[in-house]
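Everything on this sheet refers to the single structure shown next.
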Amino acid sequence: MPRKIMVAGNWKMRNTVEESVALASQIAQGLTRRDLEVLLCPGFLALEPVALSLSNGPVLVGGQNLYWQDQGAYTGEVSGPQLKAAGASHVLVAHSERRQHFGESEKTAALRVQAALRAGLRPLLCVGETQAERQADQTQGVLESQLSGALAGLAASACDRLILAYEPVWAIGTGLTATDQQANDAHAFIRAWLAGRFDKAVANSVRILYGGSVKPANAAGILNQPEVDGVLVGGASLSAQSFLAIIQAA
Ligand code: PGA
């Protein structure tokens with residue numbers, strides 16, 4: 001079965017609840033494609049209002065993070081069951097900004113992946129190397145250790161709910177984009193790793209999105225790569241016009 005393209009928007013810590021609902025509705029109204037999945041990841045406060053405003057429509061809603069305990073005395077955290085009850089179907093895990101600013105590790109990424117699956121959410125696990133790591137020719141080693149750490153203990157049967165995002169840290173919010181070839185090569189490496197860690201069926205079915213300064217002008221080139229199954233968009237997902245243009249490019 002061909003892998004269904006996903007276009008996901010990560011709004012990060014931007015937009016009030018009102019702005020989020022308005023943006024989501026502009027995107028939903030402008031969406032004409034039904035052959036791909038569109039996911040919006042608003043801030044926590046806006047998640048439920050956005051999900052309610054989109055209900056009955058094709059646009060999916062996801063969290064940007066989750067804590068790995070299902071409930072308890074964890075002040076300030078949000079759990080998988082809470083996200084699910086608020087209308088989320090997906091959740092980002094270990095975005096590079098979480099790794100960079102909040103000290104997240106492979107170990108906590110693994111706990112979050114498990115927690116998401118337990119809650120019936122689809123984890124969208126982010127991996128990617130820094131500029132220094134790429135320059136030192138360590139990209140593959142970094143991807144390997146991030147993947148093996150975050151997917152430790154995961155059964156092949158759980159992989160039908162897993163989505164990966166290759167997001168080179170040097171391309172996020174910088175205006176620098178991996179070339180189409182660099183993106184495809186990294187995705188091919190990740191897919192080969194999946195085949196070794198799980199099996200060929202898993203490798204062929206898990207979607208791998210590309211993220212890092214995707215915009216209307218470069219989306220088609222990236223999305224045309226055979227190993228690229230979609231995009232995770234930050235800055236360009238904050239305007240309905242540019243996000244819809246990226247969707248049109250798929
Ligand atoms: P960007 O962010 O598109 O603004 O580079 C991508 C991301 O952080 O997922």
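Remember, it's 1-based here, ligands and their atoms both numbered in the order they're listed.
- The N/O atoms of Gly234, backbone and side chain alike, include one that comes under 3.5 Å of an N/O atom in ligand 1.
- In this structure, the side chain of Gln64 engages the main chain of Lys12 through a donor-acceptor pair within 3.5 Å.
- Within the structure, salt bridge (Lys or Arg N to Asp or Glu O under 4.0 Å) contacts touching residues 27-50 (residues at least two apart or in different chains) are Arg33-Asp35, Glu37-Arg207.
- Close approach of ligand 1 to Gly173 is summarised as follows: ligand atoms under 4.0 Å from at least one heavy atom of the residue are 1 (P), 4 (O), 5 (O).
- For a threshold of 3.5 Å applied to N or O pairs, the pair formed by Gly212 and ligand 1 contains no separation below that value.
- Residue contact check: Ala171 has heavy atoms under 4.0 Å from atoms 5 (O) of ligand 1.
- A donor-acceptor distance shorter than 3.5 angstrom exists from the side chain of Arg161 to the backbone of Gly120, with no hydrogens or angles considered.
- Annotation for ligand 1: atoms under 4.0 Å from non-hydrogen atoms of Lys12 are 2 (O), 7 (C), 8 (O).
- Within ligand 1, counting atoms from 1 as listed, the ones closer than 4.0 Å to a heavy atom of Ser213 are 1 (P), 3 (O), 5 (O).
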Just do the side-chain contact (heavy atoms from CB on, under 4.5 Å) check on Val127 and Leu164 with the steps written out, would you?
-> CA-CA 8 Å; Val127 295; Leu164 299 176; 5.7 Å; no

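- Within the listing of ligand 1, atoms 1 (P), 3 (O), 4 (O) sit less than 4.0 angstrom from a heavy atom of Gly235.
- Ala109 is linked by a side-chain contact (heavy atoms from CB on, under 4.5 Å) to Val93, Ala94, Leu125, Ala150, counting only residues two or more places apart in sequence or in another chain.
- Considering Glu97, Glu167, Lys215, His95 only, the shortest heavy-atom separation from atom 8 (O) of ligand 1 involves His95.
- The backbone N or O of Asn184 lies less than 3.5 Å from no partner atom in the side chain of Glu227, so there is not a single donor-acceptor pair.
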